There are 2 protein chains.
Amino acid sequence: MKLISQLSKETGVPIGTIRFYEKTGLFSGETKKEITTNKYVYYGDDVVEKLRFIQMAKAVGFTLSEIKEVIDVWYKKEFSKKAKIEVLNRKLSEIDEKMRELKAVKKQIALCKFNIENGIG
Amino acid sequence: MKLISQLSKETGVPIGTIRFYEKTGLFSGETKKEITTNKYVYYGDDVVEKLRFIQMAKAVGFTLSEIKEVIDVWYKKEFSKKAKIEVLNRKLSEIDEKMRELKAVKKQIALCKFNIENGIG
DNA sequence: TCAAACCATGCAGTATACTGTATACTTGTT
DNA sequence: AACAAGTATACAGTATACTGCATGGTTTGA
């Protein structure tokens, strides 16, 4: 269990961003009930895992609300098995679509490079 | 050569968005000099090509300014061959990085799905 | 000819995702 | 005890990428 600055160092995500994510419901830390003098929040390894997932998903164009959808079915229990599988299957096909788009962009750039290297265009 | 509403229909990009992109320098249409009664702007197939590229690149997480970088070396001549190749190589490795992240996200979601299907977690 | 549809310009407003600032309390070190 | 460093809360501000609206001119079809 780590405090927010430690979590920030471990993941590279700024403290302000971590607080913002927590406020939007992407994850939550916990306060130790045995400590009554402060309101310090502790984060477990599940939060590290979620932050890494968020960073990767954001890098490939998913929005925070799209990411939240996955995290919700992943960690929460208030969804039926059927509903969870449906969400995940939808995400998997969105990923396949992104894979195709990424390949198309790569192809376009590679062609552009080829043309420049060979003095065409 | 088509007017903006035709371009919008062909690409699925809203007229307002097309104007916004043009204003940010991602591409430009042309006014017919022989017509003096209006200021209508005409777009060629290169703009259609660019719009499709922009849509795909955006879908995989590139920002408009990152996309503009590529379009600039792609269509403009005020860069040395060396500078162009350098930009394109950088983009290609960014794409490979996104490819890795996309695969990691897919793996994570597939695992999550497996666990739910088998009643684990 | 005249209304509906289309075009251009400018500028305000919105959504998303942060980022910074101010205030105040807690902890650790000297 | 004092002071730096860490933590929490709240709220304002910023950057990016649109989106909508008001205004006014142009084209086209009945």
Side-chain angles (χ1 to χ4, degrees), chain A residues 1-44 47 50-72 94 101, chain B residues 1-44 47 50-72 94 101:
Chain A
M1 295 302 250
K2 28 193 159 280
L3 289 171
I4 199 162
S5 66
Q6 177 62 23
L7 178 63
S8 173
K9 267 171 212 148
E10 251 180 68
T11 59
V13 179
I15 289 178
T17 305
I18 293 173
R19 289 202 212 279
F20 173 74
Y21 287 168
E22 186 164 8
K23 210 164 40 181
T24 63
L26 284 166
F27 52 77
S28 54
E30 41 187 284
T31 52
K32 305 261 179 201
K33 3 180 188 348
E34 64 266 27
I35 299 172
T36 52
T37 50
N38 67 35
K39 291 178 283 181
Y40 290 10
V41 177
Y42 292 82
Y43 300 91
V47 176
K50 284 180 190 174
L51 275 174
R52 295 205 198 290
F53 180 77
I54 292 165
Q55 281 176 290
M56 291 188 300
K58 262 176 52 59
V60 297
F62 284 106
T63 66
L64 291 186
S65 70
E66 286 169 339
I67 294 167
K68 189 174 183 311
E69 255 193 306
V70 175
I71 288 184
D72 282 351
E94 282 168 24
E101 287 164 324
Chain B
M1 295 302 250
K2 29 190 158 284
L3 291 169
I4 199 162
S5 66
Q6 176 61 23
L7 178 62
S8 172
K9 267 171 212 151
E10 252 181 68
T11 59
V13 180
I15 288 177
T17 305
I18 294 173
R19 288 201 213 281
F20 172 75
Y21 287 167
E22 186 163 8
K23 210 164 40 181
T24 64
L26 283 167
F27 52 77
S28 53
E30 41 186 284
T31 51
K32 305 261 179 201
K33 12 193 176 337
E34 64 265 27
I35 299 173
T36 52
T37 49
N38 65 37
K39 294 176 280 181
Y40 289 10
V41 177
Y42 292 82
Y43 301 92
V47 177
K50 283 181 190 173
L51 275 174
R52 294 204 200 289
F53 180 78
I54 292 165
Q55 282 176 288
M56 289 189 301
K58 262 177 49 62
V60 297
F62 284 106
T63 65
L64 291 186
S65 70
E66 286 168 339
I67 294 167
K68 189 174 183 310
E69 255 193 306
V70 176
I71 287 184
D72 282 351
E94 282 169 24
E101 288 165 323

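This is a predicted model, so every value here is computed, not measured. Letters go in sequence order (proteins before strands), and every chain restarts at 1.
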Checklist outcome for this item: Per nearest nucleotide of DNA chain D, the residue lying toward the 5' end, B:F62 or B:T37, is B:F62

Next on the checklist: When you compare the side chain of B:V60 with that of A:V60, does any pair of heavy atoms fall below 4.5 Å?
Outcome noted: no

Next on the checklist: Taking 4.0 Å as the cut-off, does a side-chain nitrogen or oxygen of A:S65 come that near to OP1 or OP2 on C:dT16?
Outcome noted: no

Next on the checklist: Starting the side chain at C-beta, find the nucleotide from D:dT27, C:dC18, C:dT26 nearest to A:Y40.
Outcome noted: C:dT26

Item to check | Pair A:K68-A:T24, side chain to side chain contact (heavy atoms under 4.5 Å, CB included): steps then yes or no | outcome: CA-CA 9 Å; A:K68 189 174 183 311; A:T24 63; 5.8 Å; no

Checklist entry - Are OP1 or OP2 of C:dA17 and a side-chain N or O of A:Y21 less than 4.0 angstrom apart? => result no

Checklist outcome for this item: Checking B:E30, B:K50, B:E22 against B:Y43 for side-chain hydrogen bond (donor to acceptor under 3.5 Å, both in side chains), the one that qualifies is B:E22

Checklist entry - A:I4 CD1 to C:dC25 C1': how many Å, rounded? => result 16 Å

Checklist entry - Looking at side-chain heavy atoms only, is the closest gap between A:L3 and A:Y42 below 4.5 Å? => result yes

Next on the checklist: With a 4.0 Å cutoff (strictly under), does any side-chain N or O of B:R19 reach OP1 or OP2 of C:dT9?
Outcome noted: no

Next on the checklist: Using whole Å, what does the distance between atom C1' of nucleotide D:dG20 and atom NZ of B:K23 come to?
Outcome noted: 12 Å

Checklist entry - What nucleotide among D:dT26, D:dA17, C:dC11 has an atom nearest to a side-chain atom of B:N38? => result D:dT26

Checklist outcome for this item: The nucleotide from D:dT9, C:dT19, D:dC18 with an atom nearest the side chain of A:K39 is D:dT9

Checklist entry - Can you tell which of C:dA8, D:dA17, C:dC6 lies closest to the side chain of B:S5? => result C:dC6

Next on the checklist: If you assign each of B:I54 and B:I35 to its closest nucleotide in DNA chain D, which residue comes earlier from the 5' end?
Outcome noted: B:I54

Checklist entry - Under 3.5 Å, side chain of B:S8 to main-chain N/O of B:V13, donor-acceptor pair present? => result yes

Next on the checklist: Expressed as a whole number of angstroms, how long is the span from B:I18:CD1 to D:dG20:C1'?
Outcome noted: 16 Å

Checklist entry - Quick one: B:Q55 CD to D:dA17 C1', roughly how many Å, whole number? => result 14 Å

Checklist entry - Looking for any heavy atom pair under 4.0 Å, which part of the strands does B:T24 touch: base, sugar-phosphate only, or nothing? => result nothing

Checklist entry - Picking from C:dA8, C:dA17, D:dT19, which would you name as closest to the side chain of A:K58? => result C:dA17

Checklist entry - What's the closest nucleotide to the B:F20 side chain, out of C:dT26, D:dT19, C:dC18? => result D:dT19

Item to check | For atom NZ of B:K2 and atom P of C:dC6, their distance in whole Å | outcome: 17 Å

Item to check | Value in whole Å for how far the P atom of C:dA17 lies from NZ of A:K68 | outcome: 12 Å

Checklist outcome for this item: note: A:K9, atom NZ; D:dA5, atom P; distance rounded to Å ~ 12 Å

Next on the checklist: Taking any heavy-atom pair under 4.0 Å as a contact, classify B:L3: base, sugar-phosphate, or nothing.
Outcome noted: sugar-phosphate

Checklist entry - Quick one: does B:L51's side chain get under 4.5 Å of B:E10's, heavy atoms only? => result no

Checklist outcome for this item: Taken to the nearest whole Å, CD/B:Q6 to P/C:dA5 is 18 Å

